[in-house]
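Single-structure report; data block below.
FYI, side chains are in, hydrogens and waters are out, and symmetry mates aren't considered; it's all heavy atoms of this structure. If you're wondering where the values come from, they're calculated on a predicted model, not measured in any experiment.
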Amino acid sequence: MNDEIITAEGNSEEIYSSIRSFVITAQNRVYAAVNSAMVIAYWEIGEQICKACGENDRAEYGKSLLKYLSDRLTAEFGKGFDESNLRRMRQFYSAYPIRGTLCHELSWSHYRVLMKIEDKTIRDFYTEECAKSAWSVRQLERQINTMYYQRLLASQDKAAVSAEIQTSTPKPEYVKAIKDPYIMEFLQIQPDTHVYESDIEQALINHLQQFLLELGRGFSFVSRQKRFTLDGQDFFIDLVFYNYILKCFVLFDLKTDKLTHQDLGQMQMYVNYYTRELMNEGDNPPIGIVLCAEKNDAVVKYTLPEGNNQIFASKYFTYLPTEDELKRELRMDEFRMTD
């Protein structure tokens with residue numbers, strides 16, 4: 001009898017969990033539908049205001065119209081229609097004048113952040129990436145503040161990418177998936193604090209979701225301290241990921257000191273081992289990234305062969321650098337690419 005009661009309770013719990021998931025799914029769909037409808041409504045309001053006020057909504061007619069609309073809409077629908085919000089809706093329409101370019105995955109809060117980006121090319125990039133990667137508003141703000149677009153652009157080998165366009169079967173654009181520098185402020189390690197490589201590795205595992213956000217689209221975690229043995233000697237790869245967009249393994253080695261040619265040679269061995277022993281059918285060749293506290297560009301240039309597209313070295317920050325520091329790093333990247 002007791003067994004029957006326990007079984008019944010277990011079945012009830014399973015049924016409840018199943019029903020609960022249906023309710024949550026339905027709620028999420030309703031929220032997404034309402035959110036999408038409100039974004040469209042705000043765009044249409046912005047269009048009406050923009051067409052009525054012309055280029056300047058702060059001219060006499062524009063100010064009086066906004067006040068009139070704000071008073072009437074607030075009286076009928078409540079908060080959310082003050083003059084500052086109506087101006088944001090107008091700005092929304094100006095930033096995204098083609099309704100078909102709006103992403104239903106993004107909320108009004110997302111668009112309020114995106115509208116602050118003046119450069120259309122950069123704004124469009126973040127809009128697309130935000131929708132594809134399902135960034136939260138906070139994640140979007142973080143990517144903008146750490147100059148994700150500029151770092152990604154600076155990491156691309158423009159000459160190689162341009163040359164590949166001329167081929168019928170371009171190689172995977174590995175360089176487009178690798179940033180330099182990487183910003184890992186979520187580790188909460190203060191500048192000039194001495195830490196061991198194992199400490200950083202553990203901190204990255206503890207903040208894996210944030211690290212995946214920093215890596216970019218397509219990354220999934222595979223292993224830490226991946227061991228393999230050659231002639232009785234054990235070797236350990238700090239972190240292994242797989243990128244389903246590039247269709248390849250991505251190996252990371254962490255270095256808290258200045259980069260050396262031995263570090264690059266070690267990563268070359270790791271990549272060679274994965275290439276010959278662990279690639280799956282349909283995989284592209286793996287790539288290796290040495291994350292270092294300080295990078296020596298001359299060492300990278302003369303250690304790696306010309307045309308290398310598998311081994312990379314990137315600097316990392318364990319704190320959020322100032323805008324000037326980031327810009328200085330990006331200028332150095334551009335200089336390296338033209339060197």
- Query: Passes side-chain hydrogen bond (donor to acceptor under 3.5 Å, both in side chains), Asn35 versus Ser107? Steps please.
  - Reply: CA-CA 6 Å; Asn35 174 72; Ser107 68; 4.5 Å; no
- Query: Any side-chain heavy atom of Thr146 sitting closer than 4.5 Å to one from Gln143?
  - Reply: yes
- Task: Evaluate the side-chain proximity of Ser36 to Val39: yes if any heavy-atom separation is below 4.5 Å, no if none is.
- Result: no
- Item | Residue pair Arg217, Glu129: steps toward the salt bridge (Lys or Arg N to Asp or Glu O under 4.0 Å) verdict | CA-CA 8 Å; Arg217 284 195 295 122; Glu129 283 297 307; 3.3 Å; yes
- Message: Is the ring pair Tyr319/Phe317 parallel, tilted or perpendicular, if the boundaries are 30 and 60 degrees?
- Response: perpendicular
- Could you check whether the rings of Phe241 and Phe211 sit parallel, tilted or perpendicular, using 30° and 60° as the cut-offs? perpendicular
- Give the intermediate values and the outcome of salt bridge (Lys or Arg N to Asp or Glu O under 4.0 Å) for residues Glu201 and Arg224. CA-CA 8 Å; Glu201 178 189 322; Arg224 66 179 294 193; 3.0 Å; yes
- Please test Asp71 against Lys67 for salt bridge (Lys or Arg N to Asp or Glu O under 4.0 Å), starting from the C-alpha separation and ending with a verdict. CA-CA 6 Å; Asp71 291 343; Lys67 186 178 186 311; 3.0 Å; yes
Which heavy atom of [X] sits nearest a heavy atom of [Y], and at what distance?
X      : Y      : value
Val222 : Tyr242 : CG2-N, 3.6 Å
Phe186 : Ile183 : CE2-O, 3.9 Å
Pro286 : Gln310 : O-NE2, 2.8 Å
Glu197 : Lys255 : OE2-CA, 3.5 Å
Gly216 : Lys179 : N-NZ, 4.1 Å
Val240 : Phe249 : CG1-CD2, 4.0 Å

To the nearest 0.5 Å, what is the distance between [atom1] on [X] and [atom2] on [Y]?
X      : Y      : atom1 : atom2 : result
Leu204 : Phe221 : CG    : CZ    : 10.0 Å
Glu214 : His207 : CD    : NE2   : 14.0 Å
Leu230 : Gln233 : CG    : CD    : 7.5 Å
Arg90  : Glu47  : CZ    : CD    : 12.5 Å

Regarding [X] and [Y], do their side chains bring together a donor and an acceptor under 3.5 Å, going by distance alone?
X      : Y      : result
Thr260 : Asp263 : yes
Arg88  : Asn85  : yes
Asp82  : Ser70  : no

- Query: For atom CD of Glu76, is the number of surrounding heavy atoms from other residues, nucleotides or ligands below 6.0 Å larger than 12?
  - Reply: no
- So Lys295 and Val300, side-chain contact (heavy atoms from CB on, under 4.5 Å) or not? Walk me through it. CA-CA 8 Å; Lys295 189 169 70 167; Val300 175; 4.3 Å; yes
- Message: Do Leu187 and Phe252 sit in one hydrophobic cluster, given that two such residues count as connected whenever their side-chain heavy atoms are within less than 4.5 Å of each other, even indirectly?
- Response: yes
- Message: Check for me, please, whether Leu259 and Leu251 land in the same ILVMFWY cluster - side-chain distances under 4.5 Å, paths through other members count.
- Response: yes
- Step by step, would you call Lys51 with Tyr93 a side-chain contact (heavy atoms from CB on, under 4.5 Å)? CA-CA 10 Å; Lys51 289 182 177 179; Tyr93 170 76; 4.2 Å; yes
- Evaluate the side-chain contact (heavy atoms from CB on, under 4.5 Å) criterion for residues Ile189 and Val195: first the C-alpha distance (whole Å), next the side-chain angles of each, then the deciding distance (0.1 Å), finally the verdict. CA-CA 9 Å; Ile189 299 174; Val195 291; 4.1 Å; yes
- State whether Lys120 and Asp124 are salt-bridged, where the test is any N-O pair (Lys NZ or Arg NE/NH1/NH2 against Asp/Glu carboxylate O) under 4.0 Å. yes
- Query: Is it true that Glu141 and Arg112 make a salt bridge, defined as a side-chain N closer than 4.0 Å to a carboxylate O?
  - Reply: no
- Task: Return each pair, listed once, that meets ring-ring contact (aromatic ring centres under 6.0 Å, His included) where at least one residue sits in residues 118-141; pairs must be two or more places apart or across chains.
- Result: Phe125-Tyr148, Phe125-Tyr149, Trp135-Tyr148
- Does NZ or CZ of Arg123 come closer than 6.0 Å to the centre of the six-membered ring of Tyr96, within 45° of the ring's axis? yes
- Decide ring-ring contact (aromatic ring centres under 6.0 Å, His included) for Phe228 and Phe235; before the verdict, give the C-alpha distance in whole Å, the side-chain angles of both, and the deciding distance to 0.1 Å. CA-CA 5 Å; Phe228 64 94; Phe235 297 90; 5.6 Å; yes
- Start with the C-alpha distance between Gln225 and Phe236, add both sets of side-chain angles, then the distance that settles side-chain contact (heavy atoms from CB on, under 4.5 Å), and finish with yes or no. CA-CA 5 Å; Gln225 290 298 305; Phe236 298 88; 3.3 Å; yes
